[in-house]
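Worksheet: the structure to be examined is printed underneath.
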Amino acid sequence: MAYPYVSDREVRVLSRYFGDPMARRVDTYVERGGYQAAKKAFEMGPDAVIEEVKSSGLRGRGGAGFPTGVKWSFMPKEPTRPHYLLCNADESEPGTFKDRELIRWDPHQLIEGVLIGAFAIRAKQAYIYCRGEFFETTQVLARALEDAYAKGYVGKNIQGSGVDIDITVHLGGGAYICGEETALMNSLEGRRGTPRVKPPFPAAVGAFGMPTTINNVETLAAVPHIVNNGGAWYRQWGTEKSSGTKLFCVSGHVNKPGNYELPLGFPLMDLINDVCGGVRDGNKLKAVIPGGSSVPILTAAECDCALSYEGVQEAGSMLGCASVIVMDETADIVKQVRRMVQFYAHESCGQCTPCREGTAWMTRILRRIEDGRGAEEDLDTLVEMSRQMTGTTICVLSDSAGAPVVSSINKFKDEYLALIRRGERVGVA
Ligand SMILES: Cc1cc2nc3c(=O)[nH]c(=O)nc-3n(C[C@H](O)[C@H](O)[C@H](O)COP(=O)(O)O)c2cc1C
Ligand code: SF4
């Protein structure tokens, strides 16, 4: 079974077995060299593993891009209490569809990454928290885990090493907010999935009140390759600040949407025009959201940038989890922004007033503008609301809702004004 679209410009490290159902089998994975990295890691010891991951420059693929080795080094070195590794497979950010594919096609790659991560942070128990709707994905993962247990690659005395690590797959209820690390912990513990106030940070007080590290699926899937081949090998791709390869989830108005694994620093316009076969119907490019719905929108003129953490930041947005949403000239920016904000309003956990009220009111105002009942002052109100919703809440969902609103008003004001003025002309307002 071929994977829908592939490009010869890809560097397929994590996605090398996408489209190959045999890769799900534990025997195939082992025949192809699988579980050797875990064995090697157990021989290296936790500190050496952390150093190797630090030297690779791997940054968290869940959105914030925090250096993985550095995060692992925050965990206590002499465990007096249980430690936990949580693998974040909640993947609910609009435009993101890479983690489910990594699990679906190559579950043992993730299981091996989880083993190495758990070993490095001195945890004997790891959890893979999957989004509630990922029924097939979770089934594939649960089956692979069962096989890995049966063959002695997970559990007690793994591969005769004396290392014990258990892994549990946990299916969430399907809420976006449960992807936020502390909400995920609450949900895992059987509480309401609402974010916790930080500090304390998870490395001190995390799941079940114990030191905890949380990593994204793609982050952990990269780890066996780094342990096998070394940090310097991983650095052959990408830039100084953004090393390695990254899965880009491209959706929207391109001819060949899909997941593409590319070196970080890859030009955004090459991704659109070359890898993805260009904008559909020969239309003109209008805008791109480069990192999932939580980041500022780029205009077509700003898209001449490199897809690295620093490159996208210089262009005025964020790489986030590298979910590239492409919009052509037919896209209705106000409608798209309203839909995103409506999503945040729906998913807000409601603990913080600026987020709960702000996302709901922003949705109403945007809907009013869309329907031709808006006023020019609404734009100032939206910008001011966004300012009040940023940095004032327990988690950054609130900030995320404001980012597309403000960037679209700054960059596509004409579209807002056209809707407002059309409404005034026909007397809707
Ligand atoms: C509202 C919200 C939703 C999030 N959803 C996800 C998610 O679905 N998957 C994920 O890996 N990280 C998500 N994150 C980021 C996590 O809190 C956390 O930073 C990440 O799992 C850490 O892994 P990393 O260091 O490997 O990137 C979310 C954050 C916020 C604020
Ligand atoms: S910012 Fe929103 S989602 Fe985050 S804790 Fe506050 S109310 Fe909940």
Side-chain angles (χ1 to χ4, degrees), residues 53 58-72 74 85-100 102-103 110 113-114 117 121 127-134 172 174-188 192-198 201-203 206-207 212-223 244 246-247 249 291-295 309 318-323 341 343-360 362 388-403:
V53 173
L58 175 66
R59 294 172 64 165
R61 305 305 196 209
F66 193 83
T68 306
V70 176
K71 188 188 257 193
W72 290 1
F74 293 155
L85 178 76
L86 308 185
C87 171
N88 193 341
D90 194 56
E91 190 167 63
S92 310
E93 178 81 5
T96 312
F97 43 86
K98 62 185 178 64
D99 295 341
R100 69 199 74 177
L102 284 166
I103 297 174
L110 176 64
V114 169
I121 63 152
Y127 293 92
I128 304 176
Y129 184 102
C130 292
R131 174 171 157 187
E133 291 91 338
F134 287 173
Y176 172 66
I177 195 57
C178 288
E180 194 281 336
E181 54 189 21
T182 57
L184 188 152
M185 287 169 200
N186 276 343
S187 168
L188 185 68
R192 265 189 84 178
T194 50
R196 301 176 182 172
V197 175
K198 289 185 270 187
F201 291 98
T212 301
T213 294
I214 181 158
N215 284 123
N216 171 256
V217 167
E218 189 185 355
T219 314
L220 290 167
V223 169
K246 175 89 194 72
L247 278 153
C249 313
S293 63
S294 305
V295 306
Y309 292 98
M318 288 183 285
L319 187 67
C321 37
S323 310
V341 176
F343 168 80
Y344 288 113
H346 184 260
E347 298 297 326
S348 165
C349 81
Q351 285 189 102
C352 319
T353 308
C355 175
R356 185 186 61 242
E357 298 298 317
T359 52
M362 269 183 164
Q388 292 187 25
M389 288 163 64
T390 302
T392 53
T393 53
I394 295 173
C395 86
V396 295
L397 184 144
S398 183
D399 309 41
S400 303

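Since the structure is predicted, the reported quantities are computational estimates derived from the model, not experimental observations. Just follow the structure's listing: the first ligand is 1, and inside any ligand the first atom is 1.
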Any N or O of Tyr176 that comes nearer than 3.5 Å to an N or O of ligand 1? no
Could you tell me which non-hydrogen atom of Gly402 sits nearest to which non-hydrogen atom of Met362, and how far apart they are? CA-CE, 4.2 Å
Can you name the one residue among Ser398, Ser400, Ser294 that meets side chain to side chain donor-acceptor pair (under 3.5 Å) with Tyr344? Ser294
Heavy atom of Ser92 under 4.0 Å from ligand 1? yes
If the cut-off is 4.0 Å to any non-hydrogen atom of Ser348, which atoms of ligand 2 fall inside it? 2 (Fe), 7 (S)
Side chain, backbone, both or neither: which applies to Cys395 and ligand 2 if a contact is any heavy-atom pair less than 4.0 Å apart? both
For Val396, take its heavy atoms, then give the atoms of ligand 1 lying under 4.0 Å from any of them. 31 (C)
Which ligand 2 atoms are under 4.0 Å away from a heavy-atom of Thr393? 1 (S)
For Glu181 and ligand 1, does the shortest N/O to N/O distance drop below 3.5 Å? yes
For the backbone of Pro195 and the side chain of Gln351, can you confirm whether one donor and one acceptor N or O come within less than 3.5 Å of each other? yes
Using a strict 4.0 Å cut-off to heavy atoms of Ile214, name the atoms of ligand 1 that fall inside it. 22 (C), 23 (O)
Taking all non-hydrogen atoms of both residues into account, name the closest pair between Ala89 and Ile103 and its distance. CB-CD1, 3.9 Å
For the pair Thr212 and Leu86, evaluate side-chain contact (heavy atoms from CB on, under 4.5 Å) and give the outcome as yes or no after the intermediate values. CA-CA 7 Å; Thr212 301; Leu86 308 185; 3.6 Å; yes
Of all the heavy atoms in Glu93, does at least one lie under 4.0 Å from an atom in ligand 1? no
Per-residue contact class, Ile177 against ligand 2 - non-hydrogen pairs under 4.0 Å: side chain
Note, Thr392 side chain near Cys352 side chain (heavy atom, < 4.5 Å): no
Any side-chain heavy-atom pair of Asn216 and Asp99 under 4.5 Å: yes
For Arg61, does its backbone N or O pair with a side-chain atom of Thr219 as donor and acceptor, under 3.5 Å? yes
Identify the closest protein heavy atom to atom 8 (Fe) of ligand 2: which residue and atom is it, and at what distance? Cys349 SG, 2.3 Å
For a side-chain contact (heavy atoms from CB on, under 4.5 Å) check, start with the C-alpha distance between Ser92 and Glu133, then their side-chain angles and the critical distance, and finish with the verdict. CA-CA 10 Å; Ser92 310; Glu133 291 91 338; 5.9 Å; no
Is there side-chain contact between Tyr176 and Glu93, with at least one heavy-atom pair below 4.5 Å? yes
For atom 8 (O) of ligand 1, what is the nearest protein heavy atom, given as residue, atom name and distance? Glu91 N, 3.0 Å
If the cut-off is 4.0 Å to any non-hydrogen atom of Arg61, which atoms of ligand 1 fall inside it? 26 (O), 27 (O)
Close-contact set for ligand 1 against Asp90 heavy atoms, below 4.0 Å: 8 (O)
Applying salt bridge (charged side-chain N to carboxylate O under 4.0 Å, His left out), run through Arg131 and Glu91 and close with a yes or a no. CA-CA 7 Å; Arg131 174 171 157 187; Glu91 190 167 63; over 6 Å; no
Closest approach of any protein heavy atom to atom 29 (C) of ligand 1, naming residue and atom: Glu180 CA, 3.8 Å
Would you say the ring centers of Phe201 and Phe74 fall short of 6.0 Å from each other? no
Determine whether any heavy atom of Arg356 lies closer than 4.0 Å to an atom of ligand 2. no
Mind checking whether Gly62 has an N or O less than 3.5 Å away from an N or O of ligand 1? yes
Please identify which atoms of ligand 2 are closer than 4.0 Å to at least one heavy atom of Ile394. 5 (S)
Tell me, do Glu181 and Asn88 make a side-chain contact under 4.5 Å, heavy atoms counted? no
Identify, for atom 22 (C) of ligand 1, the protein heavy atom at the shortest distance, and state residue, atom and that distance. Lys71 NZ, 3.3 Å
Nearest protein heavy atom with distance in Å, relative to atom 23 (O) of ligand 1: Asn216 N, 3.2 Å
Ranked by distance from atom 6 (Fe) of ligand 2, the top protein heavy atom is Cys352 SG, 2.3 Å
Do the side chain of Asn215 and the main chain of Leu220 share a donor and acceptor less than 3.5 angstrom apart? no
Within ligand 1, which atoms have a heavy atom of Gly60 less than 4.0 Å away? 24 (P), 25 (O), 26 (O), 27 (O)
Any side-chain heavy atom of Lys198 within less than 4.5 Å of one from Thr182? yes
Could you tell me whether any N, O or S atom belonging to Cys355 is less than 2.8 Å from atom 8 (Fe) of ligand 2? no
Ligand 1 versus Thr219: contacting region, heavy-atom distance under 4.0 Å: side chain
Among Gly179, Gly172, Ser294, Ala64, which one puts a heavy atom closest to atom 13 (C) of ligand 1? Gly179
Among protein heavy atoms, which lies nearest atom 10 (C) of ligand 1, and at what distance? Asn88 ND2, 3.1 Å
